[in-house]
Trainee: 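Okay, here's the structure, questions in a sec.
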Amino acid sequence: MQAVVIHEGDSVAVALENLKKGSVIATSAGEITLLDDITRGHKFALRELKAGENVIKYGFPIGHASCLIKQGQHVHSQNVKTNLSGLKDYEYHKQASVTLPKVERTFEGFVRADGKVGIRNELWIIPTVFCVNHVAKELAEYARSRLHEFPHVEDALALTHPFGCSQMGEDQRTTQRVLSALSRHQNAGSVLILGLGCENNNLGVFKEFLDLGDPRLHFLNSQDEQDEFESGCRIIDEMLSQAELCRRSTVPLSKLRIGLKCGGSDGLSGITANPLIGRVSDKVVGSGGTSVMTEVPEMFGAEQLLMNRALNEEIFSKTVDLINNFKNYFKSHGETVSENPSPGNKAGGITTLEDKSLGCVQKGGSAEVCGVLNYGEEIKVSGLNLLQAPGNDGVSCTALAAAGVDLILFSTGRGTPFATAVPTVKISTNSDLYARKGGNWIDFNAGAIVDGAGFDELSDQLLDYIVAVASGQKTVSEKRGFHEIVIWKDGVTL
């Protein structure tokens, strides 16, 4: 198959390989003679589209034709414009609930005192301020040098960031909420809060955001020490001994929390990797587990689909606020709500934000939306949750980690080496990317769907891989030591 028509009502087809001008392509809508070269992931018209007529993909408008588009012509940003504008009024049309698949699976995790289950047993060093970032890295390196003596401690991470001082009001509280949420994460067997002493977010202030009854927490204030590295190493020794006492045990899939993310998307993202992730999300949620989807701007144009899946009126209203508040955030900075996709997205075949969003939301499968989380807020209910955060890979992945997911399923068509504080499973949308970056950036190839593999077969394989990762197998990015956090800043710097 050279091209696919995703929905019977679509007016475009998507090329599954590079196609030449003049080629006659068989589609479910009939044979189409191409008037242009069509790059893999890009679209061509199945019929003539008049100027102003909606362009339909996934069964929904992805924008409108800005000029006459002939059958077989390339359909992209040169002849399609977005339909998105500002705020909208929404109505709740509750979709009938879908029976989700339930699978009897277990994994080997770390049951913490609060009942949450981690999939890693690591030492986490969290600086209160950027000034001590390098000290945090030195202490993490020291901890890693001793891991051979502590076989049940799996790694040591320095979660460095550029904030913690010269911030004011809500901007500073955002940093504090994210860092404190990370301090409670179940993948950490022991946590060091590393302060400087004179920063806005000093230990005395930051402790108000922490669970001081958590025995995993340790503290070091650098300005109080003659040699902060020497003092820190003594604390690290204690932390290693503490975390070494933790053991994996068999727990049901219902204890797993997964984050859903896409980055560097292309025209195949909504055809291969994202719907594959959606099927796996449904299996996890259907088995009593939790999945969290974020990237709110990449819901614009597909938000009504999510709203109709809201569990009840309260969740619907929270979803409306999630969308409209983010649109107001754009407007407050003088930006349009449709300022997306990225240059890489467009090169990969994504034309408008609606095009991108309709592909992105497929990561959420068909489950009801059970919860809506603010940025920096932690998971409260199992099931599918929506989380406030932008599309930026670093910020959104950090938000997912802070929310409390164990791992992140990250689809990508262009490829990226980025990974955050929790295991980040990279899933390629096309086999070419996997051939070039498999084992280097990419963990799993969803492009096999284009090559003839079935969704059922691949979703079982991806779930097998997730269970293996949850039970201790390291992802590609973990093997390379990739762990970064990026905090969303929106305030004055003093």
Trainee: Using side chain to side chain donor-acceptor pair (under 3.5 Å), reason through E303 and T319 one step at a time and then give a plain yes or no.
Mentor: CA-CA 8 Å; E303 66 268 40; T319 306; over 6 Å; no
Trainee: Between the side chains of H218 and Q242, does any donor sit under 3.5 Å from an acceptor?
Mentor: yes
Trainee: Return each pair, listed once, that meets ring-ring contact (aromatic ring centres under 6.0 Å, His included) where at least one residue sits in residues 475-494; pairs must be two or more places apart or across chains.
Mentor: F326-W488, Y329-W488, Y375-W488
Trainee: Which residues satisfy the side-chain contact (heavy atoms from CB on, under 4.5 Å) test with A470, sequence neighbours excluded?
Mentor: F107, I119, L256
Trainee: Is K255 salt-bridged to D406, going by a charged N under 4.0 Å from an acidic O?
Mentor: no
Trainee: With a 3.5 Å distance limit and no angle check, can you tell me whether N274 reaches the backbone of G359 through a side-chain donor-acceptor pair?
Mentor: yes
Trainee: For a 4.5 angstrom cut-off between non-hydrogen side-chain atoms, does N202 reach L196?
Mentor: no
Trainee: Can you list everything that forms a side chain to side chain donor-acceptor pair (under 3.5 Å) with S342? Sequence neighbours excluded, please.
Mentor: N345
Trainee: Do L400 and T420 touch side chain to side chain, with heavy atoms closer than 4.5 Å?
Mentor: no
Trainee: Not counting sequence neighbours, which residues clear side chain to side chain donor-acceptor pair (under 3.5 Å) with D266? List them please.
Mentor: S269, T429, N430
Trainee: Is the terminal nitrogen or CZ of K207 (NZ for Lys, CZ for Arg) located under 6.0 angstrom from the six-membered ring centre of F219 and within 45° of that ring's axis?
Mentor: yes
Trainee: Just to verify, what does E170 make a side chain to side chain donor-acceptor pair (under 3.5 Å) with, not counting sequence neighbours?
Mentor: R173, R177
Trainee: For the side chain of E377 and the backbone of N374, is there at least one donor-acceptor N/O pair under 3.5 Å apart?
Mentor: yes
Trainee: Using modelled atom types and a 3.5 Å cut-off, is there a donor and acceptor pairing between side-chain atoms of T475 and backbone atoms of V425?
Mentor: no
Trainee: Taking the basic N atoms (NZ, or NE/NH1/NH2) and the acidic carboxylate oxygens, is any pair closer than 4.0 Å for D211 and R184?
Mentor: no
Trainee: Within the structure provided, determine whether N83 and E354 are in side-chain contact (heavy-atom separation under 4.5 Å).
Mentor: yes
Trainee: Under the salt bridge (charged side-chain N to carboxylate O under 4.0 Å, His left out) criterion, do E154 and R144 qualify, and how do the steps go?
Mentor: CA-CA 9 Å; E154 299 174 342; R144 285 192 292 271; over 6 Å; no
Trainee: If we ignore hydrogens and angles and just use 3.5 Å, is the side chain of T416 paired with the main-chain N or O of F418 as donor and acceptor?
Mentor: yes
Trainee: What do the steps show when you test I485 against L179 for side chain to side chain contact (heavy atoms under 4.5 Å, CB included), and what is the final call?
Mentor: CA-CA 10 Å; I485 66 169; L179 296 180; 4.2 Å; yes
Trainee: Decide yes or no for L407 and V469: does some side-chain heavy atom of the first lie under 4.5 Å from some side-chain heavy atom of the second?
Mentor: yes
Trainee: Are any non-hydrogen side-chain atoms of I236 and I125 less than 4.5 angstrom apart?
Mentor: yes
Trainee: Side-chain donor-acceptor pair under 3.5 Å between H161 and N133, yes or no?
Mentor: no
Trainee: Ignoring hydrogens and angles, state whether a donor on the side chain of T250 or E108 is under 3.5 Å from an acceptor on the partner side chain.
Mentor: yes
Trainee: Salt bridge or not between R279 and D456? Use side-chain N to carboxylate O under 4.0 Å.
Mentor: no
Trainee: Looking only at side-chain N and O atoms, does Q176 offer a donor or acceptor that is under 3.5 Å from a partner on N201?
Mentor: yes
Trainee: Are the side chain of S357 and the backbone N or O of E298 linked by a donor-acceptor pair below 3.5 Å?
Mentor: yes
Trainee: Once side chain to side chain donor-acceptor pair (under 3.5 Å) is applied, do any residues pair with R414, and if so which ones, sequence neighbours excluded?
Mentor: none
Trainee: Between R247 and E244 (side chain of the first, backbone of the second, donor and acceptor by atom type, cut-off under 3.5 Å), is there such a pair?
Mentor: yes
Trainee: Keeping to residues at least two apart or across chains, list the salt bridge (charged side-chain N to carboxylate O under 4.0 Å, His left out) pairs with something in residues 123-137.
Mentor: none
Trainee: Which residues pass the side-chain contact (heavy atoms from CB on, under 4.5 Å) test with A367, sequence neighbours left out?
Mentor: L100, D282, V285, L384
Trainee: Do Q167 and T174 come within less than 4.5 Å of each other through their side chains, counting heavy atoms only?
Mentor: no
Trainee: Would you say K474 has more than 12 foreign heavy atoms packed within less than 6.0 Å of its NZ?
Mentor: yes
Trainee: Quiz question: by atom type and distance under 3.5 Å, do the side chains of E199 and T128 form a donor-acceptor pair?
Mentor: yes
Trainee: So, are D460 and K283 salt-bridged, with charged N and O less than 4.0 Å apart?
Mentor: yes
Trainee: Side chains of K43 and D355, heavy atoms from C-beta outward: is any pair under 4.5 Å?
Mentor: yes
Trainee: Would you sort out whether E314 and K318 count as a salt bridge (charged side-chain N to carboxylate O under 4.0 Å, His left out), showing the intermediate values?
Mentor: CA-CA 6 Å; E314 179 185 3; K318 288 183 177 181; 3.5 Å; yes
Trainee: Output yes when R112 and D114 qualify as a salt bridge under the 4.0 Å nitrogen-oxygen rule, no when they do not.
Mentor: no
Trainee: Checking side-chain contact (heavy atoms from CB on, under 4.5 Å) against P423, which of I408, N187, I466 comes through?
Mentor: N187
Trainee: Please list all pairs meeting ring-ring contact (aromatic ring centres under 6.0 Å, His included) that have one or both residues in residues 271-291, counting only residues at least two apart or in different chains.
Mentor: none
Trainee: Tell me, please, which residues at least two apart from S249 pass side-chain contact (heavy atoms from CB on, under 4.5 Å).
Mentor: V111, V251
Trainee: Tell me, do L240 and L147 make a side-chain contact under 4.5 Å, heavy atoms counted?
Mentor: yes
Trainee: L494 and M168: side chain to side chain contact (heavy atoms under 4.5 Å, CB included), yes or no, with the steps?
Mentor: CA-CA 8 Å; L494 295 175; M168 300 173 66; 3.3 Å; yes
Trainee: After noting the C-alpha distance and the side-chain angles of L210 and I193, does the key distance pass the side chain to side chain contact (heavy atoms under 4.5 Å, CB included) rule?
Mentor: CA-CA 10 Å; L210 301 174; I193 307 297; 4.2 Å; yes
Trainee: Spell out, as yes or no, whether a donor-acceptor pair under 3.5 Å connects the side chain of D490 to the backbone of D171.
Mentor: no
Trainee: State whether a side-chain donor-acceptor pair under 3.5 Å links S291 with S281.
Mentor: yes
Trainee: May I ask you to say whether K363 pairs ionically with E295, meaning some side-chain N is under 4.0 Å from a carboxylate O?
Mentor: yes
Trainee: Between the side chains of R257 and E378, is the shortest nitrogen-to-carboxylate-oxygen separation below 4.0 Å, so that they form an ion pair?
Mentor: no
Trainee: Quick check: does any side chain N or O of S222 sit under 3.5 Å from a backbone N or O of L220, one acting as donor and the other as acceptor?
Mentor: no
Trainee: After noting the C-alpha distance and the side-chain angles of L433 and T412, does the key distance pass the side chain to side chain contact (heavy atoms under 4.5 Å, CB included) rule?
Mentor: CA-CA 9 Å; L433 175 60; T412 180; 4.2 Å; yes
Trainee: Considering residues at least two apart in sequence or located in another chain, which fulfil the side-chain contact (heavy atoms from CB on, under 4.5 Å) criterion with L16?
Mentor: M1, V4, L268, V450
Trainee: Just grab all the side-chain hydrogen bond (donor to acceptor under 3.5 Å, both in side chains) pairs involving residues 438-447, residues at least two apart or on different chains.
Mentor: S428-N445, S431-N445, N440-R480, D443-Y465
Trainee: Check this for me, if you would: do E368 and R309 make a salt bridge, where the nitrogen-to-carboxylate-oxygen distance has to be below 4.0 angstrom?
Mentor: no
